[in-house]
Number of protein chains: 2
Amino acid sequence: MAYGNALTVLADPTRRKVFERLRNGPRPVNMLAAGLPVSRPAVSQHLKVLKDAGLVEERSEGVRRIYSLRREGLVELRAWLDSFWGDALEAFRLEAEKSYKAKKRNT
Amino acid sequence: MAYGNALTVLADPTRRKVFERLRNGPRPVNMLAAGLPVSRPAVSQHLKVLKDAGLVEERSEGVRRIYSLRREGLVELRAWLDSFWGDALEAFRLEAEKSYKAKKRNT
DNA sequence: CATTTCCGTAAGCCATGACTAACGGTAAGC
DNA sequence: GCTTACCGTTAGTCATGGCTTACGGAAATG
């Protein structure tokens, strides 16, 4: 039940904010902590939790640790969410498909 | 940021279990509480939280309260999840669309 | 080496929230 | 009306976990 892990981990607002910041691409810790209302060690702790949950990965680059998004950590959560729609899910996907084509057309 | 609410609310394992049980259809409280390792009032409290978050709705039927799933409470969470895929999301939707048609064909 | 930067970890504090036990309220059956 | 079934609410306890401060390690710079 890895979806449970993802849910638990992403429940915290601060941690979620850190996670969302990684949408813009890989970032070192101090850059992730900048502007947040908590200290840098707090961000480090959040990153550890995110990493243990498989939502984030880390690589060293000289003196700094670069964290990056790991979308695979979200697929189980997505599948779990899907399980709450019945056949209506297919309709939803069709709708998404239509809006995608519409957007494509406007480009 | 209602997706945050849904995440927070669904983070608790017990509450999640209650929520998942509603997938099988509307249920009175004592039926939802049966088999769970917590007391019935605990389930009542969880249901209140779920209701406040818009994830569940309630109707009275004689002496019992019937709770049922409310999927609209999940759409924002789903949209948020989608935001973590970039263009890859569109590919995912296309794939879902294809598999849907494939299933349709098999029917 | 000494220093500085960047970061993870440990210890301790404190708020949040999940839980139980006890109570009260409402509908149905007799 | 009395009892029973079903449920929400309250009060109070206790564990979880997020935060800060302080510290120590590793790489770059001189």
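The sequence lines fix the lettering, A, B, ..., with proteins before strands; numbering per chain opens at 1. These numbers come from the heavy atoms of this one structure, side chains and all, not from hydrogens, waters or symmetry mates.
- Using a 4.0 Å cut-off between a side-chain N of Lys or Arg and a carboxylate O of Asp or Glu, R59(B) and E57(B) do not qualify as a salt bridge.
- If you take CD1 of I66(A) and P of dG8(C), they are 11 Å apart, rounded to a whole angstrom.
- Within the 4.0 Å cut-off from OP1 or OP2 of dC19(C), at least one side-chain nitrogen or oxygen of T14(B) is found.
- Between G62(A) and R15(A), the one whose closest nucleotide on DNA chain D sits nearer the 5' end is R15(A).
- L69(A) and I66(A) fall into different hydrophobic clusters, where Ile, Leu, Val, Met, Phe, Trp and Tyr side chains are chained together by heavy-atom contacts under 4.5 Å.
- When the options N5(B), V9(B), L22(B), L77(B) are evaluated for a side chain to side chain contact (heavy atoms under 4.5 Å, CB included) with L55(B), the one that passes is V9(B).
- Using cut-offs of 30° and 60° on the angle between ring planes, the pair W80(A) and Y3(A) is parallel.
- The side chain of Y67(A) places an N or O atom within less than 4.0 Å of a non-bridging phosphate oxygen (OP1 or OP2) of dG8(C).
- Rounded to an integer number of Å, the gap from CZ of R65(A) to P of dA28(D) is 13 Å.
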List the steps, then state whether side-chain contact (heavy atoms from CB on, under 4.5 Å) holds for F19(B) with T14(B).
-> CA-CA 9 Å; F19(B) 187 64; T14(B) 306; over 6 Å; no
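- Here dC7(D) presents its C1' atom at 10 Å from CD of E58(B), a figure rounded to the nearest Å.
- For DNA chain C, the neighbouring residues in residues 24-33 of chain A, judged by any heavy atom under 4.0 Å, are P28(A), V29(A), N30(A).
- Residue H46(B) places at least one side-chain N or O closer than 4.0 Å to OP1 or OP2 of dC19(C).
- Taking atom CZ of residue R64(B) and atom P of nucleotide dA28(C), one finds them 10 Å apart after rounding to whole Å.
- Which of dG18(D), dA21(C), dT9(C) sits closest to the side chain of P41(B) comes down to dA21(C).
- Although no hydrogens or angles enter the test, the distance criterion places no donor-acceptor pair under 3.5 Å between the side chain of R23(A) and the main chain of F84(B).
- Taking 3.5 Å as the limit, the base of dG8(C) and the side chain of R40(A) contain a donor-acceptor pair of atoms between them.
- For D52(B) and dG17(C), the CG to C1' distance is 15 Å, given to the nearest whole Å.
- The side chain of V63(A) approaches dA27(D) more closely than any other nucleotide in the set dA18(C), dT20(C), dA27(D).
- Taking each heavy atom of A11(B) and T8(A) in turn, the nearest pair found is O-OG1, 3.6 Å.
- What separates CG of L10(B) from C1' of dA18(C) is a distance of 16 Å, to the nearest Å.
- For dT20(C), one of the phosphate oxygens OP1 or OP2 lies less than 4.0 angstrom from a side-chain nitrogen or oxygen of S39(B).
- Distance NZ (K51(A)) to P (dG8(C)): 9 Å, rounded to an integer number of Å.
- Atom-to-atom, CZ of R16(A) to C1' of dG17(D) comes out at 16 Å; the value is rounded to the nearest Å.
- Taking every side-chain heavy atom of Q45(A) into account, dC19(D) is the closest of dT21(D), dC7(C), dC19(D).
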